[in-house]
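Values below: all heavy atoms of this structure, side chains included; hydrogens, waters and symmetry mates excluded. Along the sequence shown, residues are numbered consecutively beginning with 1. First listed ligand is number 1; within each ligand, the first listed atom is number 1.
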Amino acid sequence: MCGIVGYVGEKEATPVLINSLKKLEYRGYDSAGIAVINSVADSDESIIVRKCKGAIKFLEEKIENELVRNAINGNVGIGHTRWATHGEPSDLNAHPHTNVSGTIAIVHNGIIENYAELKAWLQAKGVVFKSQTDTEVIAHLLNYFYTQEDSPSKGDIFKSVQCARQKLVGSYALGVICKDYPDRLICVRKESPLIVGLGQNENFIASDVPAVLEYTRDVLFLEQDEMAVLYCDHVDSYNGDGEKIIRKSFHVDWDLSSAEKGGYAHFMLKEIFEQPKALHDTLAAHIKDGGLTFSQEINPEEFNSMIHNAKRIVITACGTAYHAGMVGKYTFEKFARIPTVVDVASEFRYRDPILDKNDVFIVVSQSGETADTLAALRLAKSKGAKIIAITNCVGSTVSRESDYVIYTLAGPEIAVASTKAYTTQLMCLYMLAIQFGFIRGEIDKDEYRKVLDALQAVSKKAQTILDNQTEIQKFASMQFNKEKIFYIGRQFDSANSLESALKLKEVSYMHCEAFAAGELKHGPIALVDKNTLVIAIATEEALYEKLISNIIEVKSRGAATMVITNDDTGIFNESCDSVISIPKTDFYLESMLSVIPAQLFAYYCSVSRGNDPDKPRNLAKSVTVE
Ligand code: F6R
C-alpha cells in the first residue's frame with residue numbers, strides 16, 4: 001500500500017531514492033515520484049519534484065536526461081511509489097505533493113479519513129488543490145501551520161508537522177522536506193510502518209527494510225505516533241508528545257542479495273525456489289538439544305504454563321496467512337487436541353468475539369504490518385488473550401505488540417504473491433502444534449522426536465519437487481487458457497486448495513475457486529464443463545478413493561483433471577490427465593509440499609499469459625490500510 005523513502009546525506013539524493021523505491025515497488029506501482037531540496041542556490045525551483053503515472057521505470061526514463069546533465073542536484077529528498085486509493089493513477093495524483101508555493105513537499109503511505117472535511121476547510125481559506133488525493137491536504141495543512149501569522153509553529157517545520165498531525169484522522173507514514181531546512185528530513189508515523197536506516201554520514205527513511213539494505217543494515221523501527229528528524233550525521237527521535245527519546249537500533253541480518261532477483265526471471269520464481277532453505281532455516285533456528293525452543297526472549301516456564309492453561313486456540317490472519325491458519329487448525333487439533341478456530345482478521349474484529357485469558361490467540365502475518373491483523377491482535381489483547389505472533393519481519397508492529405514471537409526465517413519476500421512466507425508459516429504452526437501436544441501430554445517423547453525428524457526432512461523433499469518442475473511447467477503451458485479452474489481436496493488438502501487457488505487468481509487472473517471435494521456435488525459441480533480444469537490435491541491415503549470418485553464426477557462432465565499427490569502406486573493414473581508427484585512424509589506434513597507445484601503452476605500460467613507475476617494488477621504486498 002504505497003512505499004515511501006527518504007534520504008539525507010553526502011550523496012546525490014535522486015539515484016539513492018530511485019534505487020530504494022525499486023525495492024518497494026511490491027507495495028504499489030501505479031505511479032512514482034521524488035522531491036529533492038535543490039542545492040543550486042539561485043534556482044527558481046527550491047524543491048525539485050518529478051513524478052509520473054506508472055512504474056518506477058517510467059519515472060527513471062522521465063528524469064534520465066536531467067540526471068545525465070546533473071540537473072537534479074540535492075542531498076536531501078523523498079520518494080514514493082503509489083498504490084492508488086483516493087484518485088486514479090495519474091501524474092497529478094502521484095506523490096510527492098507540495099504546498100502551493102512548492103517550498104514544502106511530502107510523501108505519504110496510509111489514508112487520511114477526514115481529508116474531505118480538511119479539504120473543504122482549506123479551500124474556504126483559498127487553497128487551490130491540484131490532485132484528487134487525500135494526501136494533498138497534508139501539504140496544505142502543513143503550509144497553513146508553517147506560514148499563518150498567529151500560528152504557534154510559524155516558521156518551525158518540526159512544530160508545524162506536530163500541529164498538522166493533530167488534525168489528521170487515519171493512518172500515515174509521512175516524509176517531509178522544507179526548503180528552509182535544507183539539512184534535514186522529518187518523518188512521522190501512525191499505523192503505517194516506517195523505518196529509519198542509519199548509515200555513515202547518511203540516513204534514510206523507508207516503509208520497509210529492503211529499501212535501505214544496500215546502504216545499511218542498522219535500522220530504527222518507529223513506534224506508533226513517533227517522529228524522527230534525520231540529518232546527515234545523526235537522527236533525533238521523538239515520542240508522540242514531541243519529547244526527545246532514545247531509540248534502540250536493530251541490526252537486520254538480511255543481506256542485499258536476498259532482496260535481488262539473483263538470476264531468476266522474477267522474484268516470485270526465486271522465492272518459490274528459496275523454500276527448501278527457508279524451511280530448513282526456520283526449523284533449524286528453533287531446534288536445540290533435540291527439542292524445540294522458541295526464542296531466547298521467551299521464558300520457557302511462562303510459555304509452557306500458557307500452553308497448559310490454553311482452553312482454545314484462535315488463529316487470525318488475512319489472505320495467504322489466513323490459509324496457513326486453516327492448515328494450522330488441523331495441526332493443532334491433531335497434535336494438541338485443542339479446539340481451534342480460524343478467522344479472517346477483517347471479520348474477527350467487527351463481530352464482538354468471545355475471548356478470555358485462557359485463549360491463545362495466534363496472529364500470522366508475513367509483513368507484521370497488515371492493518372486488519374493488527375486491529376484483531378489489539379482487540380484480542382484487550383480481552384486478555386495471550387498473543388503469539390508468527391511473522392517474517394523482525395521489529396514489525398505485530399512482533400512488538402505480541403506476547404511471544406515466532407519468526408519465519410524466509411528472508412525478505414518481495415514478490416506480491418506470497419510463497420515462501422506461506423510454507424514457513426506452516427512450518428511454525430506445525431512446530432507450535434507439536435510443542436502444545438507434547439507439553440500437554442497428547443504426544444509422547446518418541447512421537448515428538450519422530451515428528452521433528454519428519455519436519456527436518458521436509459526441506460530436502462521440497463527441493464525434490466523443485467528439481468522436477470518441468471512436468472508442471474509443461475502442464476501450465478497447455479492449460480493457461482482454460483476458462484475456469486477448480487482446486488479440490490479434503491482435510492489438510494482442502495485448506496491448501498484455497499491457497500493454491502489464491503495464487504493462481506493473483507498472478508494469472510484466471511478464474512479459480514477452491515472447494516472441499518465433498519462439497520462439489522452440493523452445488524459447484526453445476527459449473528463444470530469442458531472449459532474447466534479441476535486440480536485435486538491428494539495427500540491423505542485414507543481419502544484417495546473418495547477423491548477419485550470426485551475426480552471421476554468432474555471428468556465425466558468434460559473437465560480436464562490433474563492431481564498433486566504423494567501416491568506412488570499409480571492409483572490416480574486412470575482418472576487424471578496429469579499426475580504431479582510429491583514425496584511422502586509422515587504425520588500429514590505434506591501441506592508444506594503440495595502447495596509448491598500449485599505455486600509453480602500459478603507462476604507459469606502467469607508468464608504464459610504475458611503477465612508480470614511480481615506485480616499483479618490491483619494488488620500491493622503490504623495491506624496497511626483497512
Ligand atoms: C497473497 C498475499 C496476501 C497476504 C495478506 C496478508 O499472496 O500475499 O494475501 O498474505 O495480505 O499479509 P501479511 O501476511 O503480511 O499479513
query = Is E226 salt-bridged to R247, going by a charged N under 4.0 Å from an acidic O?
reply = yes
key: ligand 1-proximal atoms of K503, by part, heavy-atom distance under 4.0 Å   = side chain
task = Please name the residue in the list T397, N109, I195 that meets the side chain to side chain contact (heavy atoms under 4.5 Å, CB included) test with R189.
result = T397
ask   = What are the atoms of ligand 1, with element, lying closer than 4.0 Å to any heavy atom of S367?
value = 13 (P), 15 (O), 16 (O)
inquiry  = T373 versus ligand 1: do any nitrogen or oxygen atoms come within less than 3.5 Å of each other?
reply    = no
message = Once you measure the plane-to-plane angle for F515 and F486, does it fall in the parallel (<30°), tilted (30-60°) or perpendicular (>60°) bin?
response = perpendicular
task = Please answer whether the main-chain N or O of M268 pairs with a side-chain N or O of E271 as donor and acceptor at a distance below 3.5 Å.
result = no
query = Under 4.5 Å between any side-chain heavy atoms of K383 and F361, yes or no?
reply = no
request  = Decide whether an N or O pair under 3.5 Å exists between S365 and ligand 1.
outcome  = yes
task = List every atom of ligand 1 that sits less than 4.0 Å from any heavy atom of A417, numbering the atoms from 1 in the order shown and giving each element.
result = 7 (O)
remark   = A student checking ligand 1 against V416 at a 4.0 Å heavy-atom cut-off should list atoms 7 (O), 8 (O)
note = Quick note on ligand 1: atoms under 4.0 Å from a heavy atom of A321 include exactly 10 (O), 14 (O)
message = Taking 4.0 angstrom as the limit and counting only heavy atoms of E506, give me the atoms of ligand 1 inside it, by number and element.
response = 1 (C), 2 (C), 7 (O)
request  = Examine the side chains of T133 and N93 and answer whether a donor and an acceptor come within less than 3.5 Å of each other.
outcome  = no
